[in-house]
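Heads up: the structure comes next, in structure tokens.
Order of the sequence lines sets the chain letters (A, B, ...), proteins ahead of strands, with each chain counted from 1.
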2 protein chains.
Amino acid sequence: MGRKRTKSGKIRLAEVAELAGVSPITASRFFRNPEALSVAKRTRVESAARELGYVPNLAARALASQRTEVIGVLIPSLTNNVFSDVLRGIYDASEGSRYSIQLSNTRYSILQEEKLLRLFLAQKPAGLIVTGIDQTTESRAMLEAADCPIVQIMEIGPNPVDMMIGFSHYDAARAAIAHLFAQGRRRIGFVGARMDPRVQRRLDGYVAAMKDAGLFDQRLIVTTATPTSVTLGGALFADLVARESDIDAVFCANDDLALGVLFECRRRDIPVPDQIAIVGFNDLEFMASAVPTLTSVRTNRYEMGSTAAAMLIEAIEGKRPEKPVLDLGFMVIERQSSQAQRPMASPRAGEWVPAVQNDSVTNDP
Amino acid sequence: MGRKRTKSGKIRLAEVAELAGVSPITASRFFRNPEALSVAKRTRVESAARELGYVPNLAARALASQRTEVIGVLIPSLTNNVFSDVLRGIYDASEGSRYSIQLSNTRYSILQEEKLLRLFLAQKPAGLIVTGIDQTTESRAMLEAADCPIVQIMEIGPNPVDMMIGFSHYDAARAAIAHLFAQGRRRIGFVGARMDPRVQRRLDGYVAAMKDAGLFDQRLIVTTATPTSVTLGGALFADLVARESDIDAVFCANDDLALGVLFECRRRDIPVPDQIAIVGFNDLEFMASAVPTLTSVRTNRYEMGSTAAAMLIEAIEGKRPEKPVLDLGFMVIERQSSQAQRPMASPRAGEWVPAVQNDSVTNDP
DNA sequence: AGGATCGTTGACAGCGCTACCAGCAGCGAC
DNA sequence: GTCGCTGCTGGTAGCGCTGTCAACGATCCT
């Protein structure tokens with residue numbers, strides 16, 4: 001009978017409009033801008049849509065409106081715990097909004113990033129979240145030419161493309177070293193892996209702090225381009241102590257490395273913190289329950305993700321944030337592994353019974 | 001001049017076709033099924049597309065063809081290391097294919113899963129990857145009615161919706177317990193968190209093994225619905241030893257818990273493995289470098305993801321696998337933490353210097 | 001040689017939705 | 001009373017691509 005209805009009860013906007021007794025365009029408006037409808041029609045369309053179980057066809061919408069409701073996210077790694085927290089924040093913040101997340105992995109390659117960016121931009125995303133501030137010239141140009149809001153996450157720096165949210169890895173590293181100085185440490189080693197731009201900036205912070213104190217020594221630094229792991233932390237630390245037997249602290253570029261260093265100390269019967277202090281970076285969950293508990297620099301990863309997505313969505317909908325650059329800061333969480341040296345005690349197992357302590361140096365910008 | 005060209009050099013298929021001197025439909029075919037074109041036209045279209053930098057409009061393609069090139073992935077958690085490995089496999093395998101991944105997080109809720117499934121299915125995905133075999137009746141019905149290939153991952157069980165890839169958590173747990181029995185352990189505790197269906201099946205395997213050996217004791221089991229963490233492992237273990245002081249081993253439902261148990265043992269001066277053996281599950285990277293090194297059940301998470309995606313893509317393109325259900329097996333990686341008990345030695349730090357050993361019980365179906 | 005078949009190409013007609021613009025009331029101001 | 005304004009509604013015309021079918025010449029078989 002109804003010739004307008006296509007085969008097999010497929011529910012289109014037209015069906016909803018028909019049932020509601022309005023034109024398709026009015027029904028369409030209901031989904032995009034319900035305020036523009038009179039209350040009567042609004043409720044009619046709403047109940048018609050519900051009754052028919054209408055689900056909009058996103059492809060048609062994208063084609064007609066020349067834009068998508070996709071937020072592209074470019075991160076360098078899916079394995080790294082740090083990014084899984086950020087991602088969780090992004091997904092949580094986008095949930096309930098009309099936007100869906102399209103995730104891609106650059107594998108720490110800015111060339112790969114450039115390629116993916118080109119791909120994304122061609123699909124006219126509603127917004128983009130990219131990691132870091134080190135893009136290729138070409139990527140940078142594409143980002144600047146893009147006609148959608150963009151958030152750079154994980155760190156802050158000069159010349160944001162658009163919005164930016166993160167913290168200073170340089171300052172965070174300096175704060176960690178300052179903490180070690182305060183505990184009386186002088187021969188502080190640096191252990192780093194992967195050496196992506198953010199780890200590099202942590203190293204820069206370490207170098208600056210050491211130089212300022214007149215304690216810099218190139219031989220205290222051990223790094224590798226190899227992806228990070230707990231095992232690698234142990235191996236790098238082994239290299240370090242083989243070369244420099246007098247170190248009294250190790251600053252690790254991340255927590256996995258720190259855990260590896262802790263295990264290696266245990267393997268070698270090196271008392272922590274009495275002989276060597278350990279400080280990690282990121283403050284993953286396990287740091288608080290290691291024995292001894294491990295000092296780390298806490299970063300607000302979940303918030304970084306959720307705030308980035310929230311800011312982006314606001315910007316997409318026209319409400320640009322007053323402050324496009326957001327410094328989320330960091331916090332040095334002081335734990336047993338970096339306590340001041342005490343007179344050498346017998347390093348027996350089970351010595352570290354005292355409760356976890358959380359006196360902290362904060363940086364809340 | 002050319003009235004066909006829209007404003008602003010936007011490159012459509014029509015432009016490519018015009019430059020190549022063919023009809024739009026021929027150009028279209030080039031991208032979908034180049035084999036169908038004569039070599040001459042194929043090269044003409046190819047160079048025209050390259051010259052113009054043509055990028056197909058996916059929305060238009062989806063609208064016209066009534067299907068998308070999106071693979072939907074439903075996983076219960078973004079934070080869990082286990083899933084990040086699986087995801088990495090999925091992303092790696094989909095890279096280079098025409099398909100893009102759309103990821104959603106069910107947060108371990110089958111109701112949430114049902115909701116997301118409805119959303120996904122409405123977009124006519126090319127394929128679907130879902131976690132586990134415990135869907136709601138409604139979800140199950142939707143999956144069975146879906147006209148796209150589907151892979152269930154993480155475990156295997158009866159009645160696959162379509163394809164299935166995983167391993168038996170029940171058998172894996174039994175193998176872990178058998179290993180502990182072989183090491184002379186009898187009072188084996190079970191520590192589990194979150195208690196999602198797969199952890200539940202590990203518990204079932206543990207219970208069955210203990211019952212078969214006449215060693216089952218309900219009081220050896222400590223579980224919680226709380227999400228897993230290293231700290232939680234320590235807390236649950238503390239509960240366990242407070243109640244049952246005579247346990248000689250702990251089987252942990254995952255590696256985070258195992259690490260927490262190890263730290264708690266260290267805190268309490270309980271020698272591992274001389275007094276208590278520890279076995280984890282998943283064999284995350286850190287297990288091999290802990291002190292003592294930690295025994296675990298290795299699971300092929302990355303392969304699970306990559307194989308699932310590869311199978312799915314094959315199936316989408318019409319090549320259904322000969323074996324729709326794939327058991328990836330597991331492997332008990334025996335390490336120091338579960339070695340046979342030895343006469344009580346002084347539990348001094350640094351005792352565990354011997355190299356990591358990897359004699360293993362395998363299950364390769 | 002004639003017809004059937006294959007491989008290749010093109011014309012046409014939408015897919016379901018929204019941008020754009022026009023129309024039409026109802027209202028207040030002059 | 002008329003004008004212009006605002007608020008709401010609808011018609012028209014595509015968005016860029018592909019499914020379907022038809023047409024064409026070339027090739028093959030008997």
[X] has a side chain; which of [options] sits nearest to it?
X: Ala60(A); options: dG16(C), dC17(D), dA19(C); value: dG16(C)
X: Arg61(A); options: dC17(C), dT18(D), dA19(C); value: dC17(C)
X: Leu13(A); options: dT9(D), dC17(C), dA19(C); value: dC17(C)
X: Ala64(A); options: dT18(C), dT8(C), dG10(D); value: dT18(C)
X: Ser23(B); options: dG10(C), dT18(D), dG16(C); value: dG10(C)
X: Ile25(A); options: dC17(D), dG19(D), dG10(D); value: dG10(D)
X: Leu37(A); options: dT9(D), dC17(D), dG19(D); value: dT9(D)

Length of the line joining Gln66(B):CD and dC17(C):C1', which is rounded to integer Å =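 Taking CD of Gln66(B) and C1' of dC17(C), I get 12 Å after rounding.
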Is the base of dG10(D) touched by the side chain of Arg29(A) through a donor-acceptor pair closer than 3.5 angstrom?
->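 When only heavy-atom distances are counted, Arg29(A) does reach the base of dG10(D) through a donor-acceptor pair under 3.5 Å.
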Report the distance from atom CG of Leu128(B) to atom CG of Leu117(B), rounding to the nearest 0.5 Å.
->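 Nearest 0.5 Å value for the CG-CG distance: 6.0 Å.
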Look at the side-chain N and O atoms of [X] and state whether any lies under 4.0 Å from the OP1 or OP2 oxygen of [N].
X: Ser28(A); N: dC17(C); value: no
X: Arg67(B); N: dG19(D); value: yes
X: Tyr54(A); N: dC17(C); value: yes
X: Arg32(A); N: dA19(C); value: yes
X: Thr26(B); N: dT8(C); value: no

